[in-house]
Amino acid sequence: MQLNFYNSLTRSLEEFKPLNGKTVGFYSCGPTVYNFAHIGNFRAYMFEDILHRALAYAGYTVRQIMNLTDVDDKTIRGALQQGVPLKTFTAPYIQAFFDDIKALNIMPAESYPAATDHIPEMIQLVQTLMDKGLAYKSPDGSVYFSVDRLPGYGKLAHLDRSQLRSGVRVSQDEYTKEGFGDFAVWKSWDTGDGDVVWDAPWGKGRPGWHLECSAMAMKYLGETFDLHTGGIDNLFPHHENEIAQAEATTGKDFVKTWMHCAHLRVNGEKMSKSLGNFFTLRDLFDKGFTGREIRMVLISAHYRQPLNFTFDALEAARVSLRRLDECYDALAARAGDAAPGVMPQFAATQITAFETAIGDDLNTPEALAAFYTLIRESNSALPSLTPAEAAAVIAAFEKMDQVLGIVHFGRKVEAAVPADIQALADERQAARAAKNWGESDRLRDTLAAKGWIVRDSKEGQTLRHE
RNA sequence: GGUGCGAUGGCCGAGUGGCUAGGCAGAGGUCUGCAAAACCUCGAACAGCGGUUCAAUUCCGCUUCGCACCUCCA
């Protein structure tokens, strides 16, 4: 199966080929754990999950690393405000992040290194940059990367330094930097940092944000690896600076393919904490939506297009998931214990369409179209399917679900039918057999009032709890 | 000011130089005692103005509007 990905570095669609056989090194920028992540944040993690799953589907061994930024201005500020140690402040948000990705059926990465656990590696990286003359210590004790000394700086963002200057109001006085575009790889301690401080050969302080990712990515994935992902807003300066730090240190290409996802929007604007227009998962759970429905909405648009978040879309996801469930259950009932036989042509056709869509830069909307077509044609073919064929169609659903992650995940477990409900249902069945329609309809209403939907079919009546 | 992206039917959202995206909602139908589900059919769109072309929603230009990035940001 061929995978083509849009590489932000070259601004073009490229066939994906790993650097080392069948193993893929894959680094994703993770959360800054100063607050609950909102669903805009999760759009990025969801895109990375689809990428992870697509690579696994295509037969690759995926080594995904996602960092946790647990030291920066916001985490330090939060810890100081609460009067607790930094780790005490960040721990609940780290836990919430893991709870949330589980609630969205996002596959775990290989590891989630925390910045504060990798300070020695970062100090070493800064030292190397200084030894090479690419970073310098400023009078206040901070260490800056000198953008001018690295040819090729700006290759990811496609910006040159002359363009950086205009329109940006940054007070030069705030910084003791030599060059305008220079960025901190080490921030010297000041009173606002409280007790968050580490010793380095050039003075006390803490690592710069961009440095964290370069150091941890290289530690876990090597000096050159396959994929690096994040939100589009990370492209500059964060990823540009990661490249600068890594390539200045090693003299080698840092990452072969960079992938960035577009933003989630609310009323046409980016969902962000600074705008205050965000929903956390908890907000949506409180409104009665499920992780499964949210997952469905997040994969319904292509990752490089802005996705407009609406409650209508969540409702639509709910209805279409119900259709999926009923189709799957009908197939399962038909299949019984049968082993999968030869896959019917209509299912094989949709698997091919599905793989083409995923291979085309993770086109999940197209993939979902194939998935829905499979549902429709399965329902249509159901009466004529043998148990072995039904089992084979189920296998087709399972196959697509390796990437989509929606078939089984988050399904409401069907409640056992209580005895009193069953008694009412039996009564209704008897009334129907006697063609006592008034009585049977009355009993149907009674069951509905108790939350049980009755549905008649050739095989008899079925009960579903709402 | 610089750079980049976008504008698709009631809503969400793909795609293509000529041939149905898909989902949700809506209309009609088949089935069913009725209902529900399922299936079938249908209506409905490619921001505006030019250009290229036998043919443009798709390519090019301009206009309008929107979004993002330009050292907090998924």
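Here is how names work: the chains are called A, B, and so on, in the same order as the sequence lines, proteins then strands, and each is numbered from 1.
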Counting distance alone, no hydrogens or angles: does the base of rA74(B) have a donor or acceptor under 3.5 Å from a partner atom on the side chain of R43(A)?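 A donor-acceptor contact between them is absent.
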Shortest side-chain distance from R376(A), nucleotide among rC39(B), rA35(B), rA37(B):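 In terms of side-chain proximity for R376(A), the closest of rC39(B), rA35(B), rA37(B) is rC39(B).
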Measure from the side-chain heavy atoms of A301(A) and tell me the nearest of rG13(B), rG33(B), rA74(B).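 Of the options given, the side chain of A301(A) lies nearest rG13(B).
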Sugar-phosphate only, base, or nothing, as touched by R318(A) at under 4.0 Å among non-hydrogen atoms: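 The residue R318(A) makes no contact with any strand.
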Could you measure between the two [atom1] atoms, the one in [N] and the one in [M], and give it in whole Å?
{"N": "rC39(B)", "M": "rU8(B)", "atom1": "P", "answer": "29 Å"}
{"N": "rG4(B)", "M": "rC60(B)", "atom1": "P", "answer": "15 Å"}
{"N": "rC31(B)", "M": "rC40(B)", "atom1": "C1'", "answer": "11 Å"}
{"N": "rG1(B)", "M": "rG50(B)", "atom1": "P", "answer": "28 Å"}
{"N": "rC19(B)", "M": "rG43(B)", "atom1": "P", "answer": "15 Å"}
{"N": "rA47(B)", "M": "rG6(B)", "atom1": "C1'", "answer": "11 Å"}
{"N": "rG9(B)", "M": "rG15(B)", "atom1": "C1'", "answer": "15 Å"}
{"N": "rU16(B)", "M": "rU20(B)", "atom1": "C1'", "answer": "12 Å"}

Is the shortest distance from a Lys or Arg side-chain nitrogen in R53(A) or D49(A) to a carboxylate oxygen in the other one below 4.0 Å?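 The answer is yes: the pair qualifies as a salt bridge.
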Rounded to whole angstrom units, what separation is found between the CG atom of L374(A) and the C1' atom of rG23(B)?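 Those two atoms, CG and C1', are 15 Å apart.
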